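These figures come from a predicted structure and were not determined experimentally. Just so you know, these numbers use all the heavy atoms, side chains as well, and skip hydrogens, waters and symmetry mates. Reminder, nothing fancy here: chain letters follow the sequence lines and each chain counts from 1.
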Protein chains: 2
Amino acid sequence: MAREANVSVATVSRVLNGTAPVRASTRQKIMAIIEKHKFQPNALARSLVNKRTGMIGVLFPDSSNMFFSEVFGGAERAALKLGYTLFLCNTFSDPHKESEYLHLLCERQVDGLIFMGGRINARQCQDALVQEVIDIQKKTPIVLINGTLPGHPCHRVKTDEFMGTQLLVRHFIELGHERIGFLGGSLATTTTLEKLQAFKETLHANQLPYRQDWIRLGDFSIACGYQRMEQILAMQSRPTAVVCINDYVAIGAIKAALTRGVRVPEELAIAGFDDTQLSSAMNPELTTVSQNSDELGRTALAILSRLIQKEKAQQLTVLAPRLIVRQSTQRES
Amino acid sequence: MAREANVSVATVSRVLNGTAPVRASTRQKIMAIIEKHKFQPNALARSLVNKRTGMIGVLFPDSSNMFFSEVFGGAERAALKLGYTLFLCNTFSDPHKESEYLHLLCERQVDGLIFMGGRINARQCQDALVQEVIDIQKKTPIVLINGTLPGHPCHRVKTDEFMGTQLLVRHFIELGHERIGFLGGSLATTTTLEKLQAFKETLHANQLPYRQDWIRLGDFSIACGYQRMEQILAMQSRPTAVVCINDYVAIGAIKAALTRGVRVPEELAIAGFDDTQLSSAMNPELTTVSQNSDELGRTALAILSRLIQKEKAQQLTVLAPRLIVRQSTQRES
DNA sequence: TTGTACGCGTTATCAT
DNA sequence: ATGATAACGCGTACAA
């Protein structure tokens, strides 16, 4: 390339990296040729010898769920400051795609991995899938967000979802609600389990009824929220407040209620989870729990960065959730 | 690696790629060792000789805007089928970050580039920024989505935003509206210009008033929609319907109206643009124009794929938008 | 069918 | 200060 055109060989490298002193005159000469040819060093070759790509793989289940966008938005900002680039992989919650991307990222020699969703919060995760991650972890640092690898040590960052749910239920109780339901989520998922457990315990602790028919699971979508709320509304004896697994389900639930002419929050209070951008855009605005998604991504990346540099890092980081009270549970007076 | 453990050297390569016949027995032996060591070929070294990374860089302005997520969702699905992987880069609408990522992607030797937002739909784009893209285009295929490089030939896929706006205005006219406003967007942006032009012409063609004080620009955010609608509501003589630059602005506008006790659509009809996931989640549900975001991404990738294989591809592909009528302009009876 | 040797574009280690 | 040269891990003619 520029080598022939000019005079030297590896001196170019020194100019590009400032790794050794170079005479001003020759530097200028080289710089000129670089400019002229718009020379771009090949990062592949560079990484091949450096053993460092500056890439961090990010696995997440669903780009249509704003929560994840917000998390990796935070991670991306942090990454740029540290000189890393994110390699985003949408697994569409498909374990098979998850494995594919996992391999892809390893082949591509990413410096580290951030893992969200999928197998790391599956209730029953096949050993093979766990082992796959473990094997990778031997070579490449991994940080799990809101999940775990049962039976294996790993670095993780999570929101205290138990506390988050507790905040919500207590909020309802303070408002005088005694009939509280739970919508959305799936028992195949540990986060649903954790939230449901918190839901149950908090009700018990307050001598309130925990009724199976007020618990309507399903998935994490708007459609699910809509259907489940329709079922609730069709009941003789209904709750006066419902906790939803996330903002999407809550949005669906609100739609169903309003469509049936049920006023929110006057006749039925509804709360979400995640404090997605959506929750303040809705009307009524959604009461929810913030996972501080930005911070979640940021600290995951901070920890990963330490791991990559072989520094010690905290195994488990738990972030406190915040209750965000809005209109869907309480009208401002 | 496996070479020493076994017997051969490059035979491993033939096994991995099936590029030449290998005796069954030796293949088995090699496969066994690959399994045992969980051997992963190094994609960096491989790409270095192949001159093909299988990566497609995607520049987009804002991961918090669902529209873009939907577009690259479509692109990703198409990419996977063709054996490509997307390298997503959030430019945060910052020209500087745009340039940074552009260089990064080139150094990383992406096979192609998809460009959305930023400079490619800036009204006044510095020559240097355009030239930067042109220079890259000489080496790497690029497809532009909803944008252009003024004065230079380039491959692009776009929605007919002019027609989209026309559909909206005509919809209002058919509903009997004669006082129509326009909210959000920025004149620094060509898409705003195009939509505004369509807005103006359609009004004129129907002998309806085009009033400057009913045109309230700003940006593309919920907050903007909220503020602009507040301004509109404070006016003596207000429109009975407003076209918004996108769904986000429309959502803000609806919130402002409802907050002021103005009923939507009875007292004020509001329409968005993009048919984001949000639009059907809102209530009232949002009348909007679908850009077929999924298809936009899919065809951009299809064209890019042809370009990468040195095949001829259509320079300009225009997708027809679809009017989606929902509650924010018309209550079902 | 399989092994040898060179090249891909860098960086790093020696010399000079 | 700068020029050779050996890696890095892989594909691939070419030879065997």
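- One distance of note links CE of A:Met66 with CG of B:Asn65; it measures 8.5 Å at 0.5 Å rounding.
- Among the nucleotides D:dG9, C:dT2, C:dC8, the one closest to any side-chain atom of B:Thr26 is C:dT2.
- The backbone N or O of A:Ala122 sits nowhere less than 3.5 Å from a side-chain atom of A:Thr189 that would complete a donor-acceptor pair.
- The distance from atom CG of A:Leu44 to atom C1' of C:dG7 is 15 Å, rounded to the nearest whole Å.
- For B:Arg23, whose side chain is taken as the heavy atoms from C-beta onward, the closest listed nucleotide among C:dT2, D:dC10, C:dG9 is C:dT2.
- At least one donor-acceptor pair under 3.5 Å links the side chain of B:Asn42 to the backbone N or O of B:Leu44.
- Rounded to whole Å, atom P of C:dC8 lies 14 Å from atom CD of B:Gln109.
- Atoms CZ (B:Arg46) and C1' (D:dC8) sit 16 Å apart, rounded to a whole Å.
- Residue B:Thr11 places at least one side-chain N or O under 4.0 Å from the OP1 or OP2 atom of C:dG3.
- Taken over five-pair windows at either terminus, the axes of the helix from C:dT1-D:dA16 to C:dT16-D:dA1 are inclined to one another by 40° (rounded to 10 degrees).
- Between the side chain of B:His155 and the backbone N or O of B:Ile142 there is no donor-acceptor pair closer than 3.5 Å.
- When distances run from any side-chain atom of A:Leu48 to the nucleotides C:dT2, C:dG9, C:dT10, the shortest one goes to C:dG9.
- Here the NZ-OG1 distance, from A:Lys158 to A:Thr190, works out to 8.0 Å after rounding to the nearest 0.5 Å.
- For residues 83-109 of chain B, the pairs satisfying salt bridge (charged side-chain N to carboxylate O under 4.0 Å, His left out) are B:Glu98-B:Arg119, with sequence neighbours left out.
- Within 4.0 Å of A:Gln40, counting heavy atoms only, lie sugar-phosphate atoms of the nucleic acid but no base atom.
- When the P atom of D:dC10 is taken as reference, atom CZ of B:Arg52 falls 18 Å away, rounded to whole Å.
- As rounded to whole Å, 15 Å separates atom P of C:dG9 from atom CG of A:Leu16.
- Proximity of A:Lys51 to the phosphate of C:dT11: no side-chain N or O atom is located under 4.0 Å from OP1 or OP2.
- Between the side chain of B:Arg306 and the backbone N or O of B:Lys312 there is at least one donor-acceptor pair closer than 3.5 Å.
- Using a distance-only test at 3.5 Å, with no hydrogens or angles considered, a donor-acceptor pair links the side chain of B:Asp111 to the main chain of B:Thr53.
- The separation between A:Arg108 atom CZ and D:dG9 atom C1' is 16 Å, rounded to whole Å.
- Counting to the nearest Å, the C1' atom of D:dC10 and the CD1 atom of B:Ile34 are 13 Å from each other.
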Pull out every protein N or O sitting under 3.5 Å from an N or O of nucleotides 12-16 of chain D, one pair per line with the distance.
none

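- The nucleotide whose nearest atom lies closest to any side-chain atom of A:Pro21 is, among D:dA1, C:dG9, D:dC10, D:dA1.
- Note: CG (B:Asn42) to C1' (D:dC8) measures 8 Å, nearest angstrom.
- Classified by interplanar angle (parallel below 30°, tilted 30° to 60°, perpendicular above 60°), the ring pair B:Phe87/A:Phe87 is perpendicular.
- Rounded to the nearest 0.5 angstrom, B:Thr299 OG1 and B:Ile145 CD1 are separated by 7.0 Å.
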